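By convention in this document, chain letters (A, B, ...) are assigned in the order of the sequence lines, proteins followed by strands, and residues within each chain are numbered from 1. Remember, it's a predicted structure, so these values are computed and weren't measured experimentally. What you see below is based on every heavy atom in this structure, not just the backbone, and it leaves out hydrogens, waters and symmetry mates.
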Number of protein chains: 2
Amino acid sequence: MDVVREFLRGAVPAHVLHHAAGQEVYGAWMAEELAHHGYRISPGTLYPLLHRMETAGLLTSREHVVDGRVRRVYTATETGRDTLAQLRTVVAEVAGEVLVHDE
Amino acid sequence: MDVVREFLRGAVPAHVLHHAAGQEVYGAWMAEELAHHGYRISPGTLYPLLHRMETAGLLTSREHVVDGRVRRVYTATETGRDTLAQLRTVVAEVAGEVLVHDE
DNA sequence: CCTGCGATGTCGGATCACGATATCAGCGCC
DNA sequence: GGCGCTGATATCGTGATCCGACATCGCAGG
């Protein structure tokens with residue numbers, strides 16, 4: 001029942017979209033990036049998430065070969081960028097609601 | 001795969017703690033309050049959540065009788081307020097990371 | 001009575017998180 | 001050539017969670 005972890009888990013897609021809107025990203029890179037921000041997400045969570053986001057039309061992927069190794073590279077779709085915009089307003093709202101310190 | 005909904009679901013405990021730190025709250029009131037902020041949370045999610053948060057030591061509850069009807073009323077514990085503080089910094093961090101608008 | 005209301009609680013099926021494990025292709029090295 | 005290492009993605013099984021529908025409970029009014 002780690003509520004902080006739960007909150008971060010919910011924020012992962014926002015983070016993914018944020019990065020995938022500006023550049024091409026791939027799973028292992030995202031995992032490392034997220035880890036630097038205090039997220040602890042396991043591959044068994046991240047990869048299925050990327051798949052779902054692609055099936056949902058938020059991301060597109062193509063295979064990129066680096067040193068013979070296949071790397072699945074994602075970018076945000078138009079829908080993905082729209083969703084990111086919604087997400088940003090929602091994040092701002094939540095921040096506004098929770099960050100008020102007058103009890 | 002509604003990422004906005006997923007994000008909000010992760011933010012619910014923060015919202016609950018935020019309110020339960022300042023006053024006594026109860027399930028149905030929280031549900032309405034959350035609904036006003038765009039959350040759509042079903043009782044089958046909210047009540048078990050409150051129970052888990054109490055078992056985790058974030059909330060304490062007592063029964064309050066109004067018109068003979070029993071109402072379970074929650075307040076944040078010391079641990080709950082500490083967690084809320086952590087949550088606030090995390091929310092601020094996420095907002096800072098995601099709210100940069102240079103695409 | 002019996003129905004309605006406010007509020008809490010719980011059921012079953014579906015979805016999801018997670019860590020461990022599998023897979024795959026090239027590289028270095030002996 | 002055989003062996004293990006590395007980077008990266010994929011998947012399995014178990015356990016936890018979500019959710020809406022339904023159940024409950026006590027009282028008020030007709």
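Between the side chains of B:H19 and B:Q23, not a single donor N or O lies within less than 3.5 Å of an accepting N or O. Side-chain atoms of B:T75 and B:E24 include no donor-acceptor pair closer than 3.5 Å.
Fit an axis to the five pairs at each end of the helix from C:dC1-D:dG30 to C:dC30-D:dG1 and the two axes sit 10° apart, to the nearest 10 degrees.
For A:H64, there are no ring pair (Phe, Tyr, Trp, His ring centres under 6.0 Å) partners, not counting sequence neighbours.
With rounding to the nearest 0.5 Å, the separation of CG in A:L59 from CE in A:M53 is 4.5 Å.
Following rounding to the nearest Å, A:L46 (CG) and D:dA8 (P) show an atom-to-atom distance of 13 Å.
Ring planes of A:H18 and A:H15: perpendicular class, angle over 60° (limits at 30 and 60°).
Of the residues in residues 5-14 of chain A, not one comes within less than 4.0 Å of DNA chain D through any heavy atom.
When each of B:P43 and A:P48 is assigned the nucleotide of DNA chain D bearing its nearest heavy atom, the one mapping closer to the 5' terminus is A:P48.
Residue-level contact check: A:G27 touches the backbone only, with heavy atoms under 4.0 Å from sugar-phosphate atoms and none from bases. Looking at heavy-atom distances under 4.0 Å, B:R69 makes contact with a base.
Cation-pi check for A:R72 over A:Y26 is not met; the charged atom does not lie both under 6.0 angstrom from the ring centroid and within 45 degrees of its normal.
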